[in-house]
Amino acid sequence: MPDAPSPPDLSTLPEAETAPRSRWKPQLVWLVPLVAALIGGWLAVKSILEQGPVIDIVFKSAEGLEAGKTKVKYKDVDIGLVTAVTLSQDLRQVVATAELVKDFQPHLVEDTRFWLVKPRISGGSVSGLGTVLSGSYIGVGVGKSGGAQKTFTALEEPPIVQLDTPGREFVLRSTDLGSLAMGSPVFFRRLQVGQVVGYQLDENGRGMSMQIFVNAPYDRFVTENTRFWNASGVDIKLGASGIEVDTQSLASLLLGGVAFETPEESTALPAAAPDTRFELFASRTQAMRNPERDVLTMLLFFEESLRGLEVGAPVDFQGITLGEVSAIRVELDPASQRIVMPVEMNLYPQRLRLRSKAKDQPPLSDEARKRFLDDMVAKGLRAQLRSGNLLTGQLYIGLDVFPQASAARIDWASTPPQLPTTVGTLGELQASLQRVANKLEKLPLEQIGADLRQTLQTTSRLLYRLDTQVAPEIVATLGEARKAVDTAQGMMAADEPLQQDTREAIRELGRTAKSLRALSDYLERHPEALLWGKKKETER
């Protein structure tokens, strides 16, 4: 095998010449695009970081919506803009895509509400007039729930009350809506304190549920004993208490309204919780008929007619209402084979309190109520039918103490317990009339009539005699008297001798009187003349 060639000797080769290095320096012109690229990147990052949430709002139509122009506002502050308006897949709705500011992201929760603000006339209120020139916009109501959401269904009407408004919402149950509507006022002592915020028909179609909102601080006056009634129009009633006219305000006459009040006699309770359900009565009279939840039902039996007594008639004790009539029935008593008419009444025991100086006196217990009523019945407490209005003939039940009443007691074992009664004022009047009629029947009216006819005949004969016999004699006597008067008047004439003789006699009497006066004066000066006579002039 031949030997491998040896490597060449590099040391004998000439040294290679080193190429000169180029010295490149950055030019100033390249800084401009570099800075622009940095600024662009920074703006892009900033835009991404500051980009707000994008949400979808579903509307029934695109009326008032325009991409790039329609704004989203919260309390008249711009918080977003509608970027696109498209149809839904089923073509039944319109989807508006809006981009909001980043700070609004935490408020996009499940109960956040959106609606289109445009000119509206609803009932007695006008809203959205500012959009006539500026155009429609989407209003926002911030919710309070914790679940985030990006797709919302817009409200058909703007909400009456915002979720952040202080106050409480309650539910009213009624058979119909009446004249109420969204935004109808809620009154407390004729002061508007809230509004009707919603209503819906029950699934079975037999009633309505209405939501009302009572603003703070008036919501604390709504308790479990509070009564609500429809205050629309004018409530005129002619009842046992006379003519009653009740209305809240001019607005309630035109737009309707709801009023509430807590009876003064009811037990003091704390404020009702939100969403508490109440019954909506047709009038204040009906609402105040049953102001208490604690009710004691008692049974009454009356012997007289119940015509004029109605369900709801008051039961009072010396003018203070303690209950109401709850039922009037007609039944056949198999024991006595008589038709009876039991009357049920509801008493409110919480109105019966022990006399005490303490303001918060607790109501009587059940046992204390029974003892109290037993003692009162033993002293003569009875129920009585009384006339409340003579014009309408309406009756009510009065509780009063009759000391002369026969002994009776309450049978607490029966259901409901029976309270003893007494004859009413109308029954007493009928009994008095019956007694008068009985006395009239006992009178000998025929004999009295015969005597009266005989007396009239006698009187008639006497008058006839006076007219035919006595009257002519009286006329003759009057004629003679008239002649005598005429003769006397003739004798008193100035030219008659009697008149001349009378004047001459009067003159003689005058002269005689003068002589007597002169004699009297002389005797007074010369009393001795009675013994010695009148002295001569020479002797004086």
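Within a 6.0 Å radius of NZ in Lys69, no more than 12 heavy atoms belonging to other residues, nucleotides or ligands are found. Counting non-hydrogen atoms of other residues, nucleotides and ligands closer than 6.0 Å to CD of Glu203 gives a total of 12 or fewer. Enclosure of atom CZ in Arg329 by more than 12 non-hydrogen atoms of other residues, nucleotides or ligands within 6.0 angstrom is indicated. Under a cut-off of 6.0 angstrom, the local environment of OH in Tyr218 is sparse, with at most 12 non-hydrogen atoms contributed by other residues, nucleotides or ligands. Enclosure of atom CD in Gln200 by more than 12 non-hydrogen atoms of other residues, nucleotides or ligands within 6.0 angstrom is indicated. Within a 6.0 Å radius of CD1 in Ile339, other residues, nucleotides and ligands contribute 12 heavy atoms or fewer.
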- prompt: Checking salt bridge (charged side-chain N to carboxylate O under 4.0 Å, His left out) for the pair Arg386/Asp400: CA distance, chi angles, key distance, verdict?
  reply: CA-CA 11 Å; Arg386 295 179 178 177; Asp400 210 337; 3.2 Å; yes

message: Using side chain to side chain contact (heavy atoms under 4.5 Å, CB included), reason through Val193 and Asn215 one step at a time and then give a plain yes or no.
response: CA-CA 6 Å; Val193 298; Asn215 301 319; 5.7 Å; no

- request: Evaluate salt bridge (charged side-chain N to carboxylate O under 4.0 Å, His left out) for Arg227 paired with Glu279, printing each intermediate quantity in order.
  value: CA-CA 8 Å; Arg227 296 293 178 265; Glu279 182 179 358; over 6 Å; no

Check against side chain to side chain contact (heavy atoms under 4.5 Å, CB included), Val315 and Tyr396: CA-CA 6 Å; Val315 178; Tyr396 70 97; over 6 Å; no

task: Please step through side chain to side chain contact (heavy atoms under 4.5 Å, CB included) for the pair Phe152 and Thr112, ending with a clear verdict.
output: CA-CA 8 Å; Phe152 303 89; Thr112 296; 4.2 Å; yes

Chi angles and distances behind the side chain to side chain contact (heavy atoms under 4.5 Å, CB included) call for Ile138, Trp115: CA-CA 6 Å; Ile138 298 176; Trp115 63 91; over 6 Å; no

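Residues Glu310 and Gln394 meet the side-chain proximity criterion, which asks for heavy atoms closer than 4.5 Å. When side chains are defined from C-beta on, Val72 counts as touching Leu100, because their heavy atoms get closer than 4.5 Å. Counting only heavy atoms from C-beta outward, the side chains of Trp229 and Val258 never approach each other to under 4.5 Å. Looking at Met298 and Leu347, their side chains come closer than 4.5 Å, going by heavy atoms from C-beta outward. By the 4.5 Å heavy-atom criterion applied to side chains, Leu172 and Tyr199 are not counted as neighbours. Looking only at side-chain heavy atoms (C-beta outward), Ile397 and Leu300 come within less than 4.5 Å of each other. Using a 4.5 Å cut-off on side-chain heavy atoms (C-beta onward), Asp374 and Trp412 make contact. Taking the side chain as every heavy atom from C-beta outward, Gln195 and Ser184 never approach each other to under 4.5 Å.
Put simply, the side chain of Arg168 never gets that close to the backbone of Pro274: no donor and acceptor are under 3.5 Å apart. With hydrogens and angles disregarded, no donor-acceptor distance shorter than 3.5 Å links the side chain of Ser136 to the backbone of Lys118. With Thr276 contributing its side chain and Ala272 its backbone, the two residues share no donor-acceptor pair below 3.5 Å. The main-chain N or O of Met345 is never found under 3.5 Å from a side-chain atom of Thr297 such that the two would form a donor-acceptor pair. Panel note: side chain Ser326, backbone Glu344; a donor-acceptor pair is recorded below 3.5 Å.
Between Phe188 and Phe260, the ring planes lie parallel to each other; the angle is under 30°, not in the 30° to 60° tilted range.
Distance check, rounded to the nearest 0.5 Å: CE of Met208 to CG of Leu201 gives 5.5 Å. Taken from CG in Leu322 to CG in Leu296, the straight-line distance is 11.0 Å, to the nearest 0.5 Å. In this structure, CG on Asp78 lies 10.0 Å from OH on Tyr137, to the nearest 0.5 angstrom. For the atom pair Met341 CE and Glu304 CD, the distance stands at 9.0 Å (nearest 0.5 Å). Rounding to the nearest 0.5 angstrom, the gap separating the CG atom in Asp316 from the OG1 atom in Thr321 is 5.5 Å. Between the CG atom of Asp275 and the CD atom of Gln211 there is a distance of 8.5 Å, given to the nearest 0.5 Å.
Under the salt bridge (Lys or Arg N to Asp or Glu O under 4.0 Å) criterion, Arg173 pairs with Asp202, not counting sequence neighbours.
Of the N and O atoms on the side chains of Ser145 and Asp111, at least one donor lies less than 3.5 Å from an acceptor on the other residue. If you check the side chains of Ser88 and Asp90, you find a donor sitting under 3.5 Å from an acceptor. Neither side chain, Thr97 nor Thr83, offers a donor N or O lying under 3.5 Å from an acceptor on the other.
Comment: Asp375 does not engage Lys370 in a salt bridge, judged by the lack of any side-chain N to carboxylate O separation of less than 4.0 angstrom. Between Arg284 and Glu261, at least one side-chain N (NZ, or NE/NH1/NH2) sits under 4.0 Å from a carboxylate O, which counts as a salt bridge.
The shortest non-hydrogen separation linking His107 to Val142 is ND1-CG1, 3.9 Å. Minimum heavy-atom separation, Ala383 to Phe302: O-CE2, 3.8 Å. In plain terms, the two heavy atoms of Gln93 and Val58 that are nearest each other are OE1-CG1, 3.2 Å. For the pair Leu177 and Met210, the tightest heavy-atom approach, listed with the atom from each and the gap, is CD1-SD, 3.7 Å. Closest heavy-atom contact between Asn230 and Leu280: N-CD1, 3.7 Å. Here the shortest heavy-atom pairing between Pro53 and Lys102 reads CD-CA, 4.0 Å.
Here the two rings, on Phe228 and Phe281, have centers that are 6.0 Å apart or farther.
Partner of Val343 under the side chain to side chain contact (heavy atoms under 4.5 Å, CB included) criterion, chosen from Leu309, Leu385, Leu299: Leu309.
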